S.K.: 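The structure's right below; bear with me while I get my questions together.
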Amino acid sequence: MSRDTLLAVENLSVYYGQFRALVGATISVGAGEIVSIIGANGAGKSSLLKAIVGQADRIEGAIRFEGSDLAGRSTADIVAGGVALVPEGRRLFPSLTVEENLHIGWEVGRRGEIGFDDIYRFFPILKDKRRQLAGELSGGQQQMVAVGRALLANPKLLLCDEISLGLAPTVIKDLYEIIPAIKARGIGILVVEQDITRSLAVADRFYCLLEGKVNLSGRPAETSHDTVVKHYFGL
Ligand code: ATP
């Protein structure tokens, strides 16, 4: 493990009852590094993220964050320690305002240099809508709130689960545009997407999952698109 490795997932398996959704995966993310996890529906991507934030029922293997094992720690403890998740489907409180939803991230996280002004600079539309109920926003704006909430926890490691799902290309572009600024702050980012092109365009390194197993990993610039597609579909 190199000195600035933030996350080291070692030989990790995640179980639902007898079913093993993730099978012996070894994955790392460094500080200021963007790592993409690609894989088709059901490949095990969300199971990996759930395990990292302490929400998997049963795991085998190790999940080390800054060198210490996260196994057995509560989600609240893991978030307070510097890991934030933008969950699949956003999970906002629709009857709370934008600002109140953002505040939740601020409350549960660590104190750090990211504040509300940064979020409103990343997503100016949220400043205009800060007193509006989250449930009244468009899907894209709600996703911005979900990303903002995670960032206000001042994570060292940000986990993003399919943030582009179901959104218009222009909105996806707005969401992805802030990633370099997050990376520049030294935050490690683990991006889970089904969209191969989008995901690889932003990544320093990637891992491809097929039926719970890592079947390819590398740097996008050093791997042909054909090779990625073949592994993605298990051809
Ligand atoms: P998607 O893109 O559909 O979110 P994914 O790559 O994130 O897929 P996971 O959600 O991690 O995949 O699911 C991996 C496997 O585990 C799938 O076969 C799925 O049916 C199964 N699975 C996920 N959650 C549960 C659960 N709560 N109980 C039982 N099986 C589950």
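First listed ligand is number 1; within each ligand, the first listed atom is number 1. Keep in mind that what you see is a predicted model, and the values were worked out from it rather than measured.
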S.K.: Considering heavy atoms of the protein only, find what lies nearest to atom 26 (C) of ligand 1 and give residue, atom and distance to 0.1 Å.
M.R.: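 Checked against all protein heavy atoms, atom 26 (C) of ligand 1 sits closest to Tyr16 CD2, 3.3 Å.
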
S.K.: Look only at the side chain of Lys156 and the backbone of Ile187, and say whether a donor-acceptor pair between them is shorter than 3.5 Å.
M.R.: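 It does not hold such a pair.
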
S.K.: Do any pairs count as a salt bridge (Lys or Arg N to Asp or Glu O under 4.0 Å) and have a residue in residues 214-230, sequence neighbours left out, and if so which ones?
M.R.: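 Every pair satisfying salt bridge (Lys or Arg N to Asp or Glu O under 4.0 Å) with a residue in residues 214-230: there are none.
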
S.K.: List the atom pairs, donor and acceptor, that lie under 3.5 Å between side-chain atoms in residues 123-136 and the rest of the protein, sequence neighbours left out.
M.R.:
from: Arg130; atom 1: NH1; to: Lys127; atom 2: O; distance (Å): 2.7
from: Arg131; atom 1: NH1; to: Glu99; atom 2: OE1; distance (Å): 3.1

S.K.: So, are Asp118 and Arg185 salt-bridged, with charged N and O less than 4.0 Å apart?
M.R.: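 Salt bridge flag = yes for Arg185 with Asp118.
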
S.K.: Please list the nearest protein heavy atom to atom 1 (P) of ligand 1 with its residue and the distance rounded to 0.1 Å.
M.R.: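 Here the closest protein heavy atom is Asn41 OD1, 3.5 Å.
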
S.K.: Please report which non-hydrogen protein atom sits nearest to atom 10 (O) of ligand 1, along with the residue it belongs to and the distance in Å to one decimal place.
M.R.: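 The closest heavy atom on the protein side is Ser46 CB, 3.6 Å.
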
S.K.: Return the closest protein heavy atom for atom 12 (O) of ligand 1 as residue, atom name and distance.
M.R.: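 Among all protein heavy atoms, the one nearest atom 12 (O) of ligand 1 is Gly44 N, 3.2 Å.
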
S.K.: Does ligand 1 have any atom sitting under 4.0 Å from a heavy atom of Ala40?
M.R.: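 Yes, Ala40 has a heavy atom closer than 4.0 Å to ligand 1.
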
S.K.: Consider every N or O of Lys50 and every N or O of ligand 1, then say whether any pair is closer than 3.5 Å.
M.R.: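 No, there is no polar N/O contact under 3.5 Å.
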
S.K.: Taking atom types as modelled, find out whether Arg205 and Ser28 have a side-chain donor-acceptor pair closer than 3.5 angstrom.
M.R.: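 Looking only at side-chain atoms, Ser28 and Arg205 do form a donor-acceptor pair, the distance falling under 3.5 Å.
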
S.K.: Which residue owns the protein heavy atom closest to atom 21 (C) of ligand 1, what's the atom, and how far is it?
M.R.: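 Ranking protein heavy atoms by distance from atom 21 (C) of ligand 1, first comes Phe19 CE2, 3.7 Å.
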
S.K.: Suppose I only count heavy atoms of Ser47 and a 4.0 Å limit; which atoms of ligand 1 are within that range?
M.R.: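 Counting atoms of ligand 1 from 1, those under 4.0 Å from Ser47 are 9 (P), 11 (O), 13 (O), 14 (C).
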
S.K.: Does the protein put any heavy atom within less than 4.0 Å of atom 16 (O) of ligand 1?
M.R.: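 So far as the 4.0 Å threshold goes, atom 16 (O) of ligand 1 is in reach of a protein heavy atom.
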
S.K.: Would the distance check show the side chain of Asn215 and the main-chain N or O of His231 forming a donor-acceptor pair, the cut-off being under 3.5 Å?
M.R.: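 Yes, because the side chain of Asn215 sits within donor-acceptor range (under 3.5 Å) of the backbone of His231.
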
S.K.: Which heavy atom of the protein is the closest neighbour of atom 14 (C) of ligand 1, given with residue, atom name and distance?
M.R.: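 For atom 14 (C) of ligand 1, the nearest protein heavy atom comes out as Gly42 O, 3.4 Å.
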
S.K.: Could you list the atoms of ligand 1 found under 4.0 angstrom from a heavy atom of Gln194?
M.R.: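 Those atoms are 2 (O).
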
S.K.: Numbering the atoms of ligand 1 from 1, which are under 4.0 Å from a heavy atom of Ala43?
M.R.: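 The list of qualifying atoms is 5 (P), 6 (O), 12 (O).
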
S.K.: How are the rings of Phe116 and Tyr120 set to each other: parallel, tilted or perpendicular (split at 30° and 60°)?
M.R.: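 The arrangement is tilted - the two ring planes meet at 30° to 60°.
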
S.K.: Is it true that Tyr176 and Ser164 share a donor-acceptor pair across their side chains at a distance under 3.5 Å?
M.R.: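 The answer is no; no qualifying pair exists.
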
S.K.: State, yes or no, whether a side-chain contact exists between Ile119 and Met144 at a heavy-atom distance under 4.5 Å.
M.R.: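 Counting from C-beta outward, Ile119 and Met144 never come under 4.5 Å.
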
S.K.: Show me which atoms of ligand 1 lie under 4.0 Å from any heavy atom of Ala21.
M.R.: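 Listed by number with element, the hits are 14 (C), 15 (C), 16 (O).
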
S.K.: Under 4.0 Å from any heavy atom of Glu88, which atoms of ligand 1 are there?
M.R.: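 It comes down to these atoms of ligand 1: 4 (O).
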
